[in-house]
Protein chains: 4
Amino acid sequence: MSFNTFGRLLRFTTWGESHGPALGAVVDGCPPRLALSEADIQPFLDKRRPGQSKFTTQRQEADRVRILSGVFEGQTTGTPISLMIENTDQRSKDYGEIAQAYRPGHADYAYDAKYGLRDYRGGGRSSARETAARVAAGAVARLIIPEVRIAAWVCEIGGDAIDRDNFDAAEIGNNPFFCPDPQTAARWEKLVDEARLAGSSLGAVVECEAVGVPAGWGAPLYAKLDSELAAAMMSINAVKGVEIGDGFHAARLTGEQNADPMRPEDGHGGPRFLANHAGGIAGGISTGQPVRVRVAFKPTSSILTPVDSITRAGEATQVRTKGRHDPCVGIRGVPVVEAMMALVLADQKLLQRGQCG
Amino acid sequence: MSFNTFGRLLRFTTWGESHGPALGAVVDGCPPRLALSEADIQPFLDKRRPGQSKFTTQRQEADRVRILSGVFEGQTTGTPISLMIENTDQRSKDYGEIAQAYRPGHADYAYDAKYGLRDYRGGGRSSARETAARVAAGAVARLIIPEVRIAAWVCEIGGDAIDRDNFDAAEIGNNPFFCPDPQTAARWEKLVDEARLAGSSLGAVVECEAVGVPAGWGAPLYAKLDSELAAAMMSINAVKGVEIGDGFHAARLTGEQNADPMRPEDGHGGPRFLANHAGGIAGGISTGQPVRVRVAFKPTSSILTPVDSITRAGEATQVRTKGRHDPCVGIRGVPVVEAMMALVLADQKLLQRGQCG
Amino acid sequence: MSFNTFGRLLRFTTWGESHGPALGAVVDGCPPRLALSEADIQPFLDKRRPGQSKFTTQRQEADRVRILSGVFEGQTTGTPISLMIENTDQRSKDYGEIAQAYRPGHADYAYDAKYGLRDYRGGGRSSARETAARVAAGAVARLIIPEVRIAAWVCEIGGDAIDRDNFDAAEIGNNPFFCPDPQTAARWEKLVDEARLAGSSLGAVVECEAVGVPAGWGAPLYAKLDSELAAAMMSINAVKGVEIGDGFHAARLTGEQNADPMRPEDGHGGPRFLANHAGGIAGGISTGQPVRVRVAFKPTSSILTPVDSITRAGEATQVRTKGRHDPCVGIRGVPVVEAMMALVLADQKLLQRGQCG
Amino acid sequence: MSFNTFGRLLRFTTWGESHGPALGAVVDGCPPRLALSEADIQPFLDKRRPGQSKFTTQRQEADRVRILSGVFEGQTTGTPISLMIENTDQRSKDYGEIAQAYRPGHADYAYDAKYGLRDYRGGGRSSARETAARVAAGAVARLIIPEVRIAAWVCEIGGDAIDRDNFDAAEIGNNPFFCPDPQTAARWEKLVDEARLAGSSLGAVVECEAVGVPAGWGAPLYAKLDSELAAAMMSINAVKGVEIGDGFHAARLTGEQNADPMRPEDGHGGPRFLANHAGGIAGGISTGQPVRVRVAFKPTSSILTPVDSITRAGEATQVRTKGRHDPCVGIRGVPVVEAMMALVLADQKLLQRGQCG
């Protein structure tokens, strides 16, 4: 793992800024002889793509991915897969006036403090646009773990949570919020639209579940499956919290309540668990139960209300972020969370095979 | 970063099982010419040491650390610092009867699924005893960042939270719970004692704050300061959730509520922030505000109540974990959380100096 | 360091095949605020570019580099620098007939044994064309170490070595062989031309010297400066040997002969060394003397003489490699060796600054 | 790979100084369920142990290894294996007088330039005593690759080379030089003894061969098998050169001479090669032929003849290194070279299994 690289055996390195000519990912360590073409990647990018409803940024990006290496005659060769997405809608004039002021909540000040300069065009490297590269890499990772089904959804926006009794996985694709509860989705329509019209923004919670992960993936102690997932999710822009299984709720349970009792055989060779408070991970290693993660996204920092700030010269000012922004950045976080889940699991599958055969 | 190694420039590798002859850490990449002796490390181990009150396990471990390398004439040499702690109280007979059954909530089944065997003596490598090695390594890390003050405390046990209005940092060391609110500490005494007597256990939430971190530590995107902290904290035994700043609460705020406005100069060269919802990190890079992390510990999995389980042979059984266990493992998590904070920050300091001079 | 990534703090990842649409490198960890444009990189690529004399392959590649990220307003931002070179002369028909046979001396059989397939177009990932990406990355590395002057040259072709008494650094650029001895260059003209006309090939030895490396770069024990250089050089296509300082010759000296005596001050703060058998490195750490490396390139494996081989199906065959090949691949290795020297030294400079301030 | 850590999936970290209380290695990533006890490691340490003939240093070290973790009931558990060797003969008075002067040829000056201090007791971390930890780790690595037979020997001392026609592997263990040619061994006896009596020293060349490595281990481009071997060997104290296969000699061959022709089937599923100039590696990946490496050791830097040097204060002085030193450090390099070969190959086996299944 290095600054812009994630993973151990399956590694990807992302590059590119929101307003540069292109961005991309280099995926290294992929097994050979997997069928791969752009068509395997594009649907995931399309899911993340902006401008598809009024609830996401109106920035228009085609987000067409090109495979530049690592695939020959439709198969992965085992060598680095270079994925590139050209930026097509780079209206950097939108950002011109904030070149000299720091946008509160954004990385502007922190980048300047670190590097002594910043790319003020849309946040440069700190833009959520980088997540397109992860989604592309994640699509490759999915091919490595065909035994695993990964799904994520939004379970809460602006404090308004879904009703668990209404959970219907089939509904997730039927609304612009990746919401598994149609009644909640209807409420969110109003909620997010109001925020959008007010130039405000809302936070969200995304849940992700991976079904089919066999027992035995992960490793003590600093490559624990949960530790890797926490790093992966917390590396996504705007994420402020990560839970595995019951997460913070587990801190309110007794040992008896939190136990995941086991009964003989589940028909798949493992025990039948009577509960899954652990979120499918014990001691950093998968148990064979569904792996469950919850991820908190803060509200988009770009809002129309002026916020106190300072200029690079240290003078007081106020910043209103016009541009074209997501009223709730967590919504488009769904395919990104799925991608990171896939990337972590694929890496751990290869690691397990490497060490334990 | 490898399986049992954490860090990038400042790296530590831990080894050892709960019932082996010893455990330890090798700290590599430490700057030279720092004054270091066992006396700099021992107080942190003593803080974590079991058997100091009836609220923690009665296992008696001296936890005396020895420095075996990397220090010459009282100074670090810049070469690997080998730290060793001998295990003195290895009553493995306590564990004998669970050799053939999996303890629910523990890593027993997952380890067996991964490795095809397990060290059943007290959990072997999955034992929280490994955290002693981290605490020792963390004491070295603190020497690298004298400009930073790190403090952690328990803010919630079994769902009973401190009253923020009573927060008094000076109280943290005055009770066996690392509790900054004496009234809450009094309630916890009863709460934890009841759990202990009932052979039950409780979860806890630990908060940690690092004051004095300059702006500019951290890095995009997979070495983000928050991503590193998430990995570090989630790698601790029994941790199920990590929050930076407002964490999950941020998902319930609007952009206006979540903003951290800036005003000119704070007297230390940086801006004065009017709030710290971000927990001192923006875009993965420190802002100069206090770095704040919250960590959820599940209740200790070892309880006296029998829980349904299976044997290695797949037969139904029940497991009661007798042994000597912490009724609330989160309490002794406090020095471990501090150690991981120190290790992450020290590493990021060196990385920042390396890349940006 | 991963499969296609090299370096620790300054890392680069290369991707691309000889006959794909493009190849490139992502350079991560570069310090910010270095002036960088394509014009800083292109001269080094031009030096390596094929088709510039009859002594190198006639394949015509423009080798124009594009910077796709990591530079803003003419300065490095500290974020990943993506460098891309499009392939323009992909006459893959030249290679069609060897799709079913393994070229002896090439990686064809080994790749197939490893991956179960191979990209037979010009060797795919194993092609020396990958070195263009290294040369581009090396040009960035040079900006990090302005205090160091790096020069490489060919000192031997086909067993015909330069005369040390004729060594004139100013001559290196005056002949197509990077030869510092004009008389030897004249002999090589005949030697290489004969090999070319015969469809044969010759090996070569390249020497590289870095002047201005301060004492103190490198690290025990597996990041030793000499160990890093050995890995870097041996990773270049066709390289079979690496020497530091006197190399294998040192094995024939006595301790007295091999000593590098020291006298007080050299005017630059360090001692004055009376010899440099060590090649500027002791204990894996630079001494302040010139760092000297020698690298052996085998003869190009592609020759017109038929060589016994087998087909993928295991049948006996013979392979004559037509294509357009370098009669002496070591010649074009000169800018590659320089690039790898720059990349290793720049990385070690950042590491030293990180650990020791 | 970090400063004192080597490897990717199978990683080992060494620690300890020549005159500290102990030294050791932590081996991480080892597959589980391998039978392992101290008895599997001790013979390799005994082979390297000093004081066994008058041709090696008279320092007496028991070099008894202890396994402190990672083994349970005689089997590896898959968790870190901590190996410790106590130093028993730490006559540091021998070194006292050189505390203020730099020994030429040693790392004294370079360490001081880097770290601003040095452990002058026998070179501290730069002492060849560190190689004991590698030999111990290498013994573990051998268990991972039972299909591979590794043997090393000395082929040249002080410029006096073995006669290839007399090569007899069975003779290697029959003389104190690991020499496969008894006639040469007889000459070396005189040669090394003269050097010893004169307080002088000699260089040596060690060869190592690994038979049974299947085709397909290694990886492009910065984890090439030959690149890993070069890094591994060059990281050994006193090594100044590394060759794979024909090495520098290949630079003097034509393409026709250097070809390794292939004929159908060798009875083991691979082709039959008619030569092995490549040393068993093509394109960084093993071909199934024996892997061959040659390693140049410089003469021991510690000699009785006074050599010009300077003090820490920069004053002219002369240094005579009394102590008890190997007249030819390359001899005891044999088990170290074997260990590094085993460690690299075992790592690559796991990597290959991880990526390619």
Side-chain angles (χ1 to χ4, degrees), chain A residues 1 3-4 6 104-105 107 110 113-114 125-126 159 200-201 203-205 215-216 219-224 226-227 230-231 234-235 240-245 247-248 250-256 258-262 264 271 282-283 285 287 296 298-300 303 305 307-310 314 316, chain B residues 1 3-4 6 104-105 107 110 113-114 125-126 159 200-201 203-205 215-216 219-224 226-227 230-231 234-235 240-245 247-248 250-256 258-262 264 271 282-283 285 287 296 298-300 303 305 307-310 314 316:
Chain A
M1 235 186 277
F3 297 178
N4 290 278
F6 189 88
K114 181 176 190 70
R125 184 68 181 150
S126 72
S200 181
S201 64
V205 177
L221 269 142
Y222 306 108
K224 278 180 167 178
D226 31 9
S227 178
M234 199 68 96
S235 75
K240 301 301 287 184
V242 180
E243 296 182 314
I244 305 294
F248 277 83
R252 282 138 213 161
L253 300 178
T254 64
E256 292 78 14
N258 189 56
D260 292 330
M262 286 181 267
I285 298 171
T287 61
K298 68 176 182 182
T300 317
I303 51 176
T305 306
V307 179
D308 280 356
S309 185
I310 60 170
Chain B
M1 237 188 274
F3 297 178
N4 289 278
F6 189 89
K114 181 176 191 70
R125 184 68 182 150
S126 72
S200 181
S201 64
V205 178
L221 269 141
Y222 305 108
K224 278 180 166 178
D226 31 9
S227 178
M234 199 68 96
S235 76
K240 301 302 285 186
V242 180
E243 295 181 315
I244 305 294
F248 277 85
R252 281 139 212 160
L253 300 178
T254 64
E256 292 77 14
N258 190 55
D260 292 331
M262 285 182 266
I285 298 170
T287 62
K298 69 177 182 182
T300 317
I303 50 175
T305 307
V307 179
D308 279 357
S309 187
I310 61 171

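In what follows, chains are A, B, ... by sequence order, proteins preceding strands, each numbered from 1. Note that the structure is a prediction, hence the values are computed from the model and not measured.
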Contact winner vs chain B - [options], heavy-atom pairs under 4.5 Å:
| options | value |
| --- | --- |
| A/Ser201, A/Gly105, A/Gly159 | A/Ser201 |
| A/Gly241, A/Ala107, A/Ser235 | A/Ser235 |
| A/Val205, A/Val307, A/Ile310, A/Asp226 | A/Ile310 |
| A/Ile244, A/Leu253, A/Thr305 | A/Ile244 |

**Message:** Between B/Lys224 and chain A, with a heavy-atom cut-off of 4.5 Å, which part of the residue counts as in contact: side chain, backbone, both or neither?
**Reply:**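 Interface part for B/Lys224: side chain.
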**Request:** Name the region of B/Thr300, side chain, backbone, both or neither, that has any atom closer than 4.5 Å to a heavy atom of chain A.
**Result:**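 The backbone, not the side chain.
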**Item:** Spatial distance of atom NZ (A/Lys114) from atom OG1 (B/Thr287) [nearest 0.5 Å]
**Value:**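 Interatomic distance, A/Lys114 NZ to B/Thr287 OG1, rounded to 0.5 Å: 13.5 Å.
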**Asked** To the nearest 0.5 Å, how far apart are CZ in A/Phe3 and CG in B/Leu221?
**Response**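 Those atoms lie 12.0 Å apart.
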**Asked** Do any N or O atoms from the side chain of B/Glu243 and from the backbone of B/Phe248 form a donor-acceptor pair under 3.5 angstrom?
**Response**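 Yes.
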**Asked** Can you check whether B/Ala231's main-chain N or O pairs, donor with acceptor, with A/Ser227's side chain at less than 3.5 Å?
**Response**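 A pair under 3.5 Å: yes.
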**Largest heavy-atom contact set with chain A, pairs under 4.5 Å, which of B/Ala219, B/Ala296, B/Gly245** =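 The candidate making the most pairs under 4.5 Å is B/Ala296.
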**Message:** Under a 4.5 Å cutoff for heavy-atom pairs, which residue among B/Ala251, B/Gly283, B/Ser200, B/Ala259 has the most contacts with chain A?
**Reply:**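 Most heavy-atom pairs under 4.5 Å with chain A: B/Ala251.
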**Request:** Decide yes or no for A/Pro104 and A/Ser309: does some side-chain heavy atom of the first lie under 4.5 Å from some side-chain heavy atom of the second?
**Result:**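 Side chain of A/Pro104 against side chain of A/Ser309, heavy atoms only: contact under 4.5 Å found.
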**Shortest non-hydrogen contact between B/Ala282 and A/Ala110, atoms and distance** =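 Between these two residues, the closest heavy atoms are O-CB, 3.6 Å.
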